[in-house]
2 protein chains.
Amino acid sequence: MESHKAKRVTLADVAEASGMSKAAVSMILNNKPGSRLSAEATERVRGVAKELGYRPNAAAQSLRSGKTRTLGFISDQVTVTRFASEMITGILRAAESREHTVLIAETFGKPEQMAEAIKQMAHRDVDGLILGFMDSRQRDLKIPQTGLPTVLVNGIDDSPCTAVLPNENESGAKAVRHVVESGARSVAVIGELGSAEKDPRTYPSITRRFGSLRRSLSEANLEVLGHWVLDDWNPTDGYQATTQMLSEGYKPEAIICANDRVAMGVFQALAEEGLTPGADLSVLSFDDEIIASYLRPQLSSIRLPYEEMGALAVDLLLEGSLEPGEHQIDMPLIERDSMKRN
Amino acid sequence: MESHKAKRVTLADVAEASGMSKAAVSMILNNKPGSRLSAEATERVRGVAKELGYRPNAAAQSLRSGKTRTLGFISDQVTVTRFASEMITGILRAAESREHTVLIAETFGKPEQMAEAIKQMAHRDVDGLILGFMDSRQRDLKIPQTGLPTVLVNGIDDSPCTAVLPNENESGAKAVRHVVESGARSVAVIGELGSAEKDPRTYPSITRRFGSLRRSLSEANLEVLGHWVLDDWNPTDGYQATTQMLSEGYKPEAIICANDRVAMGVFQALAEEGLTPGADLSVLSFDDEIIASYLRPQLSSIRLPYEEMGALAVDLLLEGSLEPGEHQIDMPLIERDSMKRN
DNA sequence: CGAAAGCGCTCAGCTAGATTG
DNA sequence: GCAATCTAGCTGAGCGCTTTC
């Protein structure tokens, strides 16, 4: 008679069924080096294990070994943009290839929940911790000092730590170069953020993006028709700025937008004036959100490489090379149809 | 002399430091009912635990208790739309309020990886499993029979199981009602999917959405100016269908779009003809993706309630009420500015 | 290749002393 | 004065696994 509860198969069951000791079975199933077990026994144990449907108990393994083969990912917000999703994908891919699983938590945009989330992860004894910041405006991360190996993604902190960031220090230069190569002679920049640059720590990405842009613009052989400063980066903002620019008589051959959402607004304003990106003028943007490919024509954009960033964070954690410092990842230019070839 | 490795504080340490037994400390820290320990002792133990920075070892607890307080979430794809993110958010919120953490995995769109992912979760002994399907076209889920309590979100399977779905059986009716109430006399439906309805199991949502639409349309006092069947649901498809419709001379007072991406294309085509949604005619859509609020004017849409779906899945799992069957969640109408008031 | 010792924790069961009838 | 009952806590076994010896 079987017991009522289909008890889970344990190492001991396999050992008994195969006439071996638990130790031997353990060694075989983990193919430990240094063990000299007969091929015949190895074969037999493997067979029995499979037949019985043996599955090691992770809790027991962790308890014994002190390693959980688990990574923790805490996001300030699993937002609505593609960014969180791609970061998760990158993390999952990298973690899987190293045979780790990932625990996920979110602070729901409330910084004070960070400590709680980290405590949860510590309780779970994750082997490493990834802190992802979607809303990169956040400041004063208040990262509790656990002993956990930690890497920040898309965020920086005052305390020395390992961080992975997009290479915004080059992104503006890349944009300008692309515009120059397209043959445009004049350019307008739409979307500089009014408050953003007051505190570089608050908006590191934004500050760097525009810093790079401005430096490159001043060196390039381009007539700069002005910067339009916005309060926010939504389509409406881009729409209004563009409408105003057009009404003031400016006719730039190229427009560089702060991001794709403002570019969407730019497209709308342009359309109302009968202007078509890619044909009448060039539009280039940053981020490469999903809407970039929805626009007509499709928008060329300099991509935020979140998936790569997530993957790198995992590699850093599992490679053990955690000296404090920044790792910058190239932002690739995604060429689509919004640039006019002159 | 302290040992070199700052050994982690265990229950035994707290017990010793407070002059109690491990059992007593365990009871106190877990405030077990039925135990009658002096208030004084309770106080003292709590104090010592905090002072020492005691943190229970989750692996040991799991091993002993057989419960991991962990839920597994496997997604077929952590896509680029808002859906996966919202589902995760819902799951995280619900799980947190019940003091569970969540392990996440993805099949990267490869159905054959589902078995592997589930095995991972089983190995980790999750207390429950949530299978999320973003790409609801998937068929033949091939869910390995683990003994794990499982709920499907946005997917159905041949085997009897608990599933959470959006209430698409009413979504079409809701749309038609809203159009009728707006005072429109004629309507066009853009975006019926050619292949979708051949197999209701393959696209349950789509099939139901259009089933509901068609039933309601036939009962409503509306002139139906035709259904435009599309191959896919991207902006380009909506754009082309609308352009063609307009060129054939149709002038519906309202357009119902299969989803927001299609609606985006519809907006583009309308704009080219000088037609403004909300002023010249009504446009209503489904899903309420992020782009719905980016469009000009903002798009009214019947929302896919992914966050609620995720949360319900958790509740179901943790409540233990897992009879096979479907739980349908209302799809709320998000009113914005694309409906013309007649 | 086996025996045995735990990893840190929880749970059922026990006990020593204080209070009652 | 003594058995019965409480009070307040302790003991020990063992979860399933890995790792000396």
Side-chain angles (χ1 to χ4, degrees), chain A residues 3 5-46 48-49 52-70 122-127, chain B residues 3 5-46 48-49 52-70 122-127:
Chain A
S3 91
K5 323 217 121 220
K7 279 280 297 158
R8 186 160 151 173
V9 181
T10 76
L11 192 68
D13 298 332
V14 178
E16 187 175 4
S18 59
M20 297 264 114
S21 69
K22 295 194 300 174
V25 174
S26 174
M27 315 227 76
I28 290 173
L29 261 23
N30 297 313
N31 37 245
K32 276 280 147 142
S35 61
R36 17 345 72 116
L37 299 174
S38 74
E40 185 266 326
T42 302
E43 194 80 0
R44 180 157 39 91
V45 167
R46 290 240 167 77
V48 171
L52 260 41
Y54 170 67
R55 208 158 13 82
N57 178 316
Q61 288 178 311
S62 301
L63 180 56
R64 190 63 240 251
S65 65
K67 297 246 139 272
T68 55
R69 303 198 76 73
T70 298
H123 172 211
R124 245 63 189 197
D125 269 302
V126 295
D127 293 340
Chain B
S3 89
K5 323 219 121 221
K7 277 280 296 160
R8 185 160 153 173
V9 181
T10 76
L11 191 68
D13 298 330
V14 178
E16 187 174 5
S18 60
M20 295 267 114
S21 71
K22 293 193 303 173
V25 173
S26 174
M27 313 226 79
I28 289 173
L29 262 23
N30 296 315
N31 37 244
K32 272 283 143 128
S35 64
R36 45 292 115 101
L37 298 178
S38 72
E40 186 264 328
T42 302
E43 193 82 0
R44 180 158 38 91
V45 166
R46 289 241 170 76
V48 171
L52 261 41
Y54 171 66
R55 208 158 13 81
N57 179 317
Q61 289 179 310
S62 301
L63 179 56
R64 188 63 242 252
S65 66
K67 297 249 139 268
T68 55
R69 303 197 75 73
T70 298
H123 172 211
R124 245 64 188 196
D125 268 302
V126 295
D127 293 339

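Below, chains carry the letters A, B, ... as their sequence lines are ordered, and counting in each starts from 1. Worth knowing before you read on, the calculation uses all heavy atoms, side chains too, and leaves out hydrogens, waters and symmetry mates.
- Here the C1' atom of nucleotide D/dC17 and the CZ atom of A/Arg55 are 15 Å apart, to the nearest Å.
- Distances shorter than 4.0 Å separate some side-chain N or O of A/Asn30 from OP1 or OP2 on D/dT18.
- A/Val25 is not listed as a side-chain neighbour of A/Tyr54, based on a closest heavy-atom distance of 4.5 Å or more.
- Residue-to-nucleotide proximity on DNA chain D shows that, of B/Ala41 and A/Tyr54, the 5′-proximal contact is made by B/Ala41.
- Per the geometry, CG belonging to B/Asn57 stands 17 Å off P belonging to D/dG16, to the nearest Å.
- In this structure B/Asp125 satisfies the salt bridge (Lys or Arg N to Asp or Glu O under 4.0 Å) test together with A/Arg8, sequence neighbours excluded.
- Checked against C/dC9, D/dT11, D/dC15, the side chain of B/Leu63 finds its nearest nucleotide in D/dC15.
- For D/dG9, the OP1/OP2 oxygens have a side-chain nitrogen or oxygen of B/Ser38 closer than 4.0 Å.
- Scored by the side chain to side chain donor-acceptor pair (under 3.5 Å) test, A/Arg44 finds A/Glu40 as partners (sequence neighbours excluded).
- In this structure, A/Asp125 atom CG and C/dC9 atom P are separated by 10 Å, rounded to whole Å.
- What separates NZ of A/Lys67 from C1' of C/dC7 is a distance of 14 Å, to the nearest Å.
- B/Arg46 meets the side chain to side chain donor-acceptor pair (under 3.5 Å) test with no other residue; sequence neighbours excluded.
- The distance from atom CZ of A/Arg124 to atom C1' of C/dG8 is 15 Å, rounded to the nearest whole Å.
- Distance, B/Ile28 CD1 to D/dC10 C1': 12 Å, rounded to whole Å.
- Taking only side-chain nitrogens and oxygens, A/Thr10 never comes nearer than 4.0 Å to OP1 or OP2 of D/dG16.
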Which pairs, protein N/O on one side and nucleotides 19-21 of chain D N/O on the other, fall under 3.5 Å?
{"residue": "D/dT19", "atom": "OP2", "partner": "A/Lys32", "partner atom": "NZ", "Å": "3.2"}

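- Annotated stems with DNA chain D as a participant read C:2-21 with D:2-21, given as range with range, by first number; only runs of 3 or more Watson-Crick or G-U pairs under 3.5 Å qualify.
- Put simply, the side chain of A/His123 does not reach to within 4.5 Å of the side chain of B/Arg69, judged on heavy atoms.
- Under the side-chain hydrogen bond (donor to acceptor under 3.5 Å, both in side chains) criterion, no residue pair touches residues 15-25 of chain A, with sequence neighbours excluded.
- Between B/Gln61 and C/dG8 there is no side-chain polar atom (N or O) within less than 4.0 angstrom of OP1 or OP2.
- Between A/Thr10 and A/Asn57, the closest side-chain pair of non-hydrogen atoms is not below 4.5 Å.
- Taken from OG1 in A/Thr42 to CE in A/Met27, the straight-line distance is 11.0 Å, to the nearest 0.5 Å.
- Applying the side chain to side chain donor-acceptor pair (under 3.5 Å) test to A/Ser62 and every residue at least two apart in sequence or in another chain returns nothing.
- Rounded to an integer number of Å, the gap from B/Leu11 CG to D/dC15 P is 19 Å.
- Between A/Glu16 atom CD and C/dG2 atom C1' there is a gap of 15 Å when expressed in whole angstrom units.
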